[in-house]
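Heads up: the structure comes next, in structure tokens.
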Protein chains: 2
Amino acid sequence: MVKRMTTKDKILDAAEQLFAEHGFEQTSLRQITAAAEVNLASVNYHFGSKKALIQAVMARYLDVFMPALQRQFEQLAQQPVINSRQVFDCFREPLRELATVRKHGPTYFLSLLGFAYAEIQGHLRRYIMTHFGDVMQLLQVMMHRANPNLSPVDMFWRLHFVLGTLVFAQVSGRALREIAAADFGESVRADQIIDKLIPFVAGGVDAAVA
Amino acid sequence: MVKRMTTKDKILDAAEQLFAEHGFEQTSLRQITAAAEVNLASVNYHFGSKKALIQAVMARYLDVFMPALQRQFEQLAQQPVINSRQVFDCFREPLRELATVRKHGPTYFLSLLGFAYAEIQGHLRRYIMTHFGDVMQLLQVMMHRANPNLSPVDMFWRLHFVLGTLVFAQVSGRALREIAAADFGESVRADQIIDKLIPFVAGGVDAAVA
DNA sequence: CCTAAATTCAAACATGCGTTTTAATTTAGA
DNA sequence: TCTAAATTAAAACGCATGTTTGAATTTAGG
């Protein structure tokens with residue numbers, strides 16, 4: 001017996017899919033409520049504003065992903081020696097686990113993260129820092145252990161380059177996958193992009209400074 | 001004796017600055033015409049539409065940058081052996097030359113490119129491919145020569161990761177530079193980000209596949 | 001069952017957008 | 001200088017957005 005979905009959840013599910021496909025600003029409340037088959041006003045009734053809805057959509061994933069990531073980091077931290085590749089591999093399992101939240105969870109989450117960072121950089125950064133600051137600090141520690149030669153400033157920039165690569169790969173992932181499929185006849189599933197991404201960013205982080 | 005600026009140029013200059021700072025969709029024609037101190041309707045009179053204005057802003061830079069980049073590629077192509085770092089270094093001088101177009105040309109151009117790719121991926125890609133397809137093909141040839149082991153598909157993805165890194169670095173460049181300055185007391189000029197970027201992307205491209 | 005709270009609904013609101021219109025004004029050529 | 005074209009100007013148009021309103025309806029507790 002499936003409990004009938006509440007309006008709130010219908011909105012969240014519809015919003016997350018549309019946000020992941022078209023971005024936050026490009027998705028209107030009318031599209032969302034139409035897809036969710038609920039009344040337009042119900043978004044403001046249940047969430048207060050579009051901004052709050054976006055936050056709720058993100059939080060649903062971050063609350064699962066971040067603790068899982070933290071566990072991976074803590075496990076890796078016990079190793080005496082660490083390299084960049086291992087640090088980035090920490091993201092794989094927590095990402096895969098998002099499939100339990102929702103069928104296309106891993107894909108949706110990365111796409112949402114991409115749009116969030118592209119459209120509302122400061123906002124998301126602040127949110128993650130205040131809610132999951134310890135995880136991010138752990139990441140920084142891990143990266144430093146993996147690459148002790150790199151100065152903190154250079155590491156800062158490179159980590160953000162990594163984030164940018166990730167973001168971009170997801171945001172334009174669909175378009176690129178279509179082009180790749182057309183040009184090379186090789187179709188890459190959305191969740192497989194990360195397999196191509198990790199060696200790239202690990203190589204970038206490990207590069208000599210100049 | 002300075003020739004008094006024409007309305008068309010006043011619009012282009014104001015638009016380019018606002019586009020570079022806030023993105024295309026986030027910048028309204030009213031903001032542009034107010035900054036340019038011209039009438040709102042003049043944009044549609046001189047350019048036809050906002051879309052055409054965006055294209056004109058981009059074209060002003062691409063028409064200078066792309067031929068310069070092509071010259072760099074052709075020069076490098078004469079070398080018997082090429083590595084990724086050299087290919088990416090080809091971008092430096094053409095970028096620097098954009099300062100002749102406008103004082104903050106290099107910064108503006110990268111930022112515009114970033115927003116263009118983030119907001120209207122397909123459009124920009126098509127425009128560059130049709131107008132400067134030979135340059136892009138040259139890039140692909142150079143990259144293959146620099147890294148013959150890499151399969152065409154993997155090279156395709158990595159080049160787009162590179163573009164994504166570039167895009168992201170510029171789009172969120174201002175915010176990140178402020179954070180970096182606050183956290184590390186080291187202020188990085190916008191046009192210096194590329195110095196941090198090039199080693200990173202070269203390292204990423206050269207990484208082992210998996 | 002009855003009532004009060006919670007929710008849904010249709011409609012309207014206020015705002016900002018790109019674009020168009022129409023008239024006034026400036027510019028340039030005969 | 002006169003006239004026709006080019007340009008500027010103010011205003012309004014049509015549309016889409018997020019949000020609010022107030023009444024209708026459903027839900028839950030005594």
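Values below: every heavy atom of this structure, side chains too, minus hydrogens, waters and symmetry copies. Throughout, a chain's letter reflects where its sequence line sits, starting with A, and its residues are numbered from 1.
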**Item:** Rounded distance (Å) that lies between atom C1' of D:dT7 and atom CE of B:M5
**Value:** 17 Å

**Prompt:** Atom CG of B:N44 to atom P of C:dT19: distance rounded to whole Å?
**Reply:** 5 Å

**Prompt:** Roughly, in whole Å, what's the span from OH in A:Y45 to P in D:dG22?
**Reply:** 17 Å

**Message:** I'd like to know if A:D154 and A:R158 make a salt bridge, using a cut-off of under 4.0 Å between side-chain N and carboxylate O.
**Reply:** no

**Asked** Out of curiosity, A:F91 CZ to A:R96 CZ, how far, rounded to the nearest 0.5 Å?
**Response** 14.0 Å

**Request:** On the 0 to 90° scale, with breaks at 30° and 60°, tag the B:F109-B:Y61 ring pair as parallel, tilted or perpendicular.
**Result:** tilted

**Prompt:** Expressed in angstrom and rounded to an integer, what is the separation of B:L29 atom CG from D:dT8 atom C1'?
**Reply:** 16 Å

**Asked** Base, sugar-phosphate alone, or nothing: which one does A:T33 contact when heavy atoms must sit under 4.0 Å apart?
**Response** nothing

**Request:** Would you tell me if any nitrogen or oxygen in the side chain of A:S28 comes within less than 4.0 Å of OP1 or OP2 on D:dA16?
**Result:** no

**Asked** Of A:Q31 and A:A41, whose nearest nucleotide on DNA chain D comes first from the 5' end?
**Response** A:Q31

**Request:** Taking only the side-chain nitrogens and oxygens of A:S49, find out if one of them lies under 4.0 Å from OP1 or OP2 of D:dG18.
**Result:** no

**D:dA6 OP1/OP2 closer than 4.0 Å to side-chain N/O of B:H46** = no

**Request:** Round to a whole Å and report the spacing from CG of B:D9 to C1' of D:dT7.
**Result:** 15 Å

**Item:** Plane angle bin for B:H160 and B:F156 - parallel if under 30°, tilted between 30 and 60°, otherwise perpendicular
**Value:** tilted

**Asked** Between atom NZ in A:K10 and atom C1' in C:dT7, what is the gap in whole Å?
**Response** 12 Å

**Request:** Check if the side chain of B:R30 and the base of C:dG18 share a donor-acceptor pair of N or O atoms closer than 3.5 Å.
**Result:** yes

**Request:** Round to a whole Å and report the spacing from CG of B:L40 to P of D:dA11.
**Result:** 13 Å

**Request:** Check whether any side-chain N or O of B:N39 sits under 4.0 Å from OP1 or OP2 of D:dT7, and answer yes or no.
**Result:** no

**Request:** Give a yes/no on whether any side-chain N or O of A:S42 is located under 4.0 angstrom from OP1 or OP2 of C:dT7.
**Result:** no

**Asked** Between the side chains of B:S42 and B:N39, is a donor N or O closer than 3.5 angstrom to an acceptor N or O?
**Response** no

**Request:** Nearest whole angstrom, please: distance from the C1' of C:dG16 to the NZ of B:K50.
**Result:** 11 Å

